[in-house]
Undergrad: 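My questions will all concern the structure given below.
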Amino acid sequence: MLEVLHRIVQEVNAAPDLARALRIIVEQVKQSISADVCSVYLTDFEQRNHVLMATDGLRQQAVGKVTIPFHRGLVGLVCERAELLNVDDATTHPRYLRITETGETSYRGFLGVPIIQHRKVLGVLVARQKAPRRFDDDEVTFLFTLAAQLAGAITHAQATGDTLLNQYGSLDTPSRFLQGRPGASGVAIGSIVVAFRQADLDAVPDRTTEKPEEDIQEFHNAVAHVQDDLRKMKERLSHTLSVEDQALFDALLMMLSGDTLISHTVDRIKKGEWVQSALHYTIEEHTRVFDNMDDPYLRERGSDVRDLGRRILHYLQTDKPRVIEYPALTVLVGDDVSAVDLAEIPKEHLVGVISAKGSSSSHVAILARAMGVPAVMGVTDLPVSRVEGREVILDGYRGRVYIAPPPSVKEEYQRLAKEDQELSEELQSLLGEPSETTDGVKIPLYLNTGLVSEMSSLGTQEAQGVGLYRTEFPFMVRDRFPGEEVQVANYAKVLETFSPRPVILRTLDIGGDKPLPYFPIEEPNPFLGWRGIRISLDHPEIFLTQIRAMLRAAIGFNNLQIMLPMISSVSEVDELMILIQRAHDELIEEGFVVSMPRVGVMIEVPSAVYQVKELARRVDFLSVGTNDLTQYLLAVDRNNPFVAEIYDDLHPAVLRALVQVIDGAKEYGSPVSVCGEMAGNPLACVLLLGMGVDSLSMSAGSLLKVKWVIRSFSRSWAKQLLRNVLRMENPKEVRNFLTGALEDMGLGGLVRPGK
Ligand code: PEP
Ligand code: MG
């Protein structure tokens with residue numbers, strides 16, 4: 001049965017359209033389990049009935065004509081319960097409904113399996129038998145597996161406007177879009193260009209070489225071509241991307257200049273392997289290391305390496321550069337779009353990005369945000385191979401993709417896109433305006449930067465300083481710990497850029513979900529493991545080097561503040577303060593004119609919430625890391641797509657924890673900020689304002705939106721809204737209420753498409 005199943009699945013996948021896929025299923029199922037009939041009913045949500053769409057065994061004329069109303073018959077029952085129904089004599093069942101147009105005599109054996117996609121019942125796959133028959137477990141699971149397959153085919157058909165569904169009016173309307181995760185906000189309408197995947201490393205056959213010297217030369221030539229391409233891309237984007245974002249290309253170029261990627265390939269060729277297979281195996285070896293990492297940023301490095309491999313292979317197979325004609329409005333689509341794929345498209349042509357894999361923390365999403373291009377990530381149902389050249393709409397606010405949209409949807413999105421444009425022009429008028437509430441409370445807005453980040457001109461001009469500089473990035477792109485001098489240069493750059501505005505450098509927050517390639521940590525529960533300052537305390541040499549570099553970098557600027565992540569006990573703060581003091585004293589002894597910076601801690605672990613007063617007493621400021629605080633309070637992995645829906649920083653428990661932190665900090669007169677993603681969310685920032693937060697820190701793209709919200713509300717009104725929200729019991733209620741509050745102020749356009 002397994003083999004039959006495998007074959008049917010392959011045939012269904014290869015079917016050119018839904019009609020063909022349905023035919024394959026009904027014919028093969030009927031035959032494989034020796035049933036008398038096999039049929040597929042699809043749900044028409046508008047007409048509220050189930051339409052017979054394919055059958056083997058019933059009258060063909062009935063297809064498309066016979067409908068079973070919602071809540072009637074056994075098919076209706078399967079749909080209602082979203083559960084299989086296996087009855088040996090259907091005629092005795094209280095819900096039995098005899099339909100004559102199908103040529104049905106009295107079929108007795110009945111097996112109905114729901115076709116479900118994303119919790120929604122799209123239809124029912126039915127097997128019938130004239131004689132009484134109870135289908136056995138193997139047959140039931142067989143139908144189950146095929147129903148799941150069918151669900152994918154139906155979703156693709158709905159997304160691509162399949163002609164079969166079009167014939168039946170509203171059959172496809174309820175989910176005519178594919179759902180992914182928002183990657184970069186905004187809406188776009190354009191034509192699809194599928195990310196180039198011509199050079200297939202997996203298709204390279206194993207061969208040996210007779211002339212290794214020639215192969216090595218060929219390899220070096222191909223690498224040189226790719227280096228050249230990357231430099232050109234970097235150059236092209238130099239006006240769009242910040243210095244730090246451009247570092248991504250430097251990291252790729254670094255891999256191509258004398259790194260193990262090159263030397264391992266050359267070694268393999270020297271041992272007699274053919275250049276193309278030597279490259280294939282080296283790339284595999286390298287990506288395996290990254291693929292096994294939990295941290296999404298590092299896993300992304302795996303796709304970068306694979307991408308480099310494909311590019312080198314391309315030049316090994318043809319030495320001509322690739323020439324692609326890009327439509328004026330290009331939407332880049334791919335199974336796993338890389339940052340380099342994106343960079344390859346001339347900026348004036350690129351209007352959107354859609355990737356079947358990845359999340360909002362993928363490099364490509366980060367780059368898209370930095371470039372102001374809407375992106376939708378993790379669209380798992382995306383039929384990548386069938387969409388080249390199709391028209392598409394993407395909604396980066398809600399993570400939706402409409403392939404071949406009907407005119408009504410297109411008109412609506414054209415209107416929304418126009419309004420979005422007007423809105424962003426209105427936002428520009430806020431440049432340089434103070435971030436102050438209508439009742440005169442100033443809420444300075446700071447910039448989050450670091451990783452692959454946005455030190456864009458907007459960020460550097462608009463922000464009142466840096467509220468969170470994540471120092472992990474320079475550690476992640478190297479093959480060893482960066483020394484003191486390298487770090488001094490790095491930190492001095494950001495301190496100088498913002499001087500005299502304050503810059504908060506956060507000490508290294510690696511470990512657990514962010515292991516360094518050269519500092520392997522294997523543990524069963526990384527998020528609850530050796531992370532952040534826990535590593536710093538166990539490796540004071542790493543911590544002291546970093547603090548020394550920070551203090552030295554600040555000489556002449558004096559705008560440095562230091563922040564400690566992942567604090568869960570006061571003793572950690574006491575010990576780290578001693579180390580900071582020690583680094584300071586040693587530098588003074590060595591003749592450096594350094595001064596003691598202000599030091600703060602992040603509140604991002606529940607225990608820190610409950611000891612906020614004890615912590616506030618010990619340091620100069622607090623900053624709430626809502627990304628981690630939410631994950632630890634709700635016990636939801638922040639990077640896991642399977643639980644992404646229940647990760648919600650508007651959860652009442654998170655809001656109450658925040659109130660406790662801010663009230664606790666106030667008691668000690670300690671300034672308190674929020675630097676998690678929540679701070680940059682126009683909905684959430686109203687609540688933070690009401691809670692009495694002193695400042696907010698966010699990525700560059702959120703600065704003007706949040707400023708607009710701050711300038712539209714008074715703190716007393718925000719407090720009133722907060723009081724209402726704190727009585728609510730679930731995040732959905734909170735979200736709806738806040739959306740309403742923003743709409744009332746005319747700010748709805750900040751959280752959805754349109755104005
Ligand atoms: C946070 O946890 O909210 C935070 C700002 O830190 P990071 O996202 O770097 O863990
Ligand atoms: Mg954190």
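For reference, positions follow the sequence shown, starting with 1. Order of listing sets the numbers, starting from 1, for every ligand and every atom in it.
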Undergrad: Return a yes/no value for Arg506: is any of its N or O atoms, backbone included, closer than 3.5 angstrom to an N or O of ligand 1?
TA: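 Looking only at distances, the answer is yes, because the N/O contact criterion of under 3.5 Å is met.
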Undergrad: Within 2.8 Å of the Mg ion (ligand 2), is there any N, O or S atom belonging to Asp509?
TA: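 Here the distance criterion (N, O or S atom, under 2.8 Å) is not met by Asp509, so no.
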Undergrad: Just wondering, more than 12 heavy atoms not from Glu522 lying within 6.0 Å of its CD?
TA: no
Undergrad: Taking NZ, NE, NH1 and NH2 as the nitrogens, is one of them in Glu433 or Arg711 under 4.0 Å from a carboxylate oxygen of the other?
TA: yes
Undergrad: Just to check, does Met602 reach to within less than 4.0 Å of ligand 1 when the distance is taken from its heavy atoms?
TA: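 Yes.
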Undergrad: Mind checking whether Leu468 contacts ligand 1 via backbone (N, CA, C, O), side chain (CB onward), both or neither, at a 4.0 Å heavy-atom cut-off?
TA: side chain
Undergrad: So Ile504 and Tyr469, do their side chains get closer than 4.5 Å, heavy atoms only?
TA: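 No - every pair of side-chain heavy atoms lies 4.5 Å or more apart.
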Undergrad: Going by the order shown, which atoms of ligand 1 are within less than 4.0 Å of some heavy atom of Gly625?
TA: 1 (C), 2 (O), 3 (O)
Undergrad: Quick check: of its N, O or S atoms, which one does Asp628 have closest to the Mg ion (ligand 2)?
TA: OD2
Undergrad: Taking 4.0 angstrom as the limit and counting only heavy atoms of Gly676, give me the atoms of ligand 1 inside it, by number and element.
TA: 3 (O), 5 (C)
Undergrad: With sequence neighbours excluded, tell me which residues meet salt bridge (charged side-chain N to carboxylate O under 4.0 Å, His left out) with Arg398.
TA: Asp395
Undergrad: Can a salt bridge be assigned to the pair Asp509 and Arg470 using a cut-off of 4.0 Å between side-chain N and carboxylate O?
TA: no
Undergrad: Is it true that Asp648 and Arg735 have a side-chain N and a carboxylate O under 4.0 angstrom from each other?
TA: yes
Undergrad: Using a 4.0 Å cutoff against the non-hydrogen atoms of Arg531, which atoms of ligand 1 qualify?
TA: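 Answer, ordered by atom number: 10 (O).
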Undergrad: Report the atom name of the nearest N/O/S atom of Glu604 relative to the Mg ion (ligand 2).
TA: OE1
Undergrad: For the rings on His539 and Phe519, is their centre-to-centre separation under 6.0 Å?
TA: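 Ring-ring flag for His539/Phe519: true, centres closer than 6.0 Å.
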Undergrad: So between Arg470, Glu472, Met698, Gln631, whose heavy atom ends up nearest atom 7 (P) of ligand 1?
TA: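 When every heavy atom of Arg470, Glu472, Met698, Gln631 is considered, Arg470 comes closest to atom 7 (P) of ligand 1.
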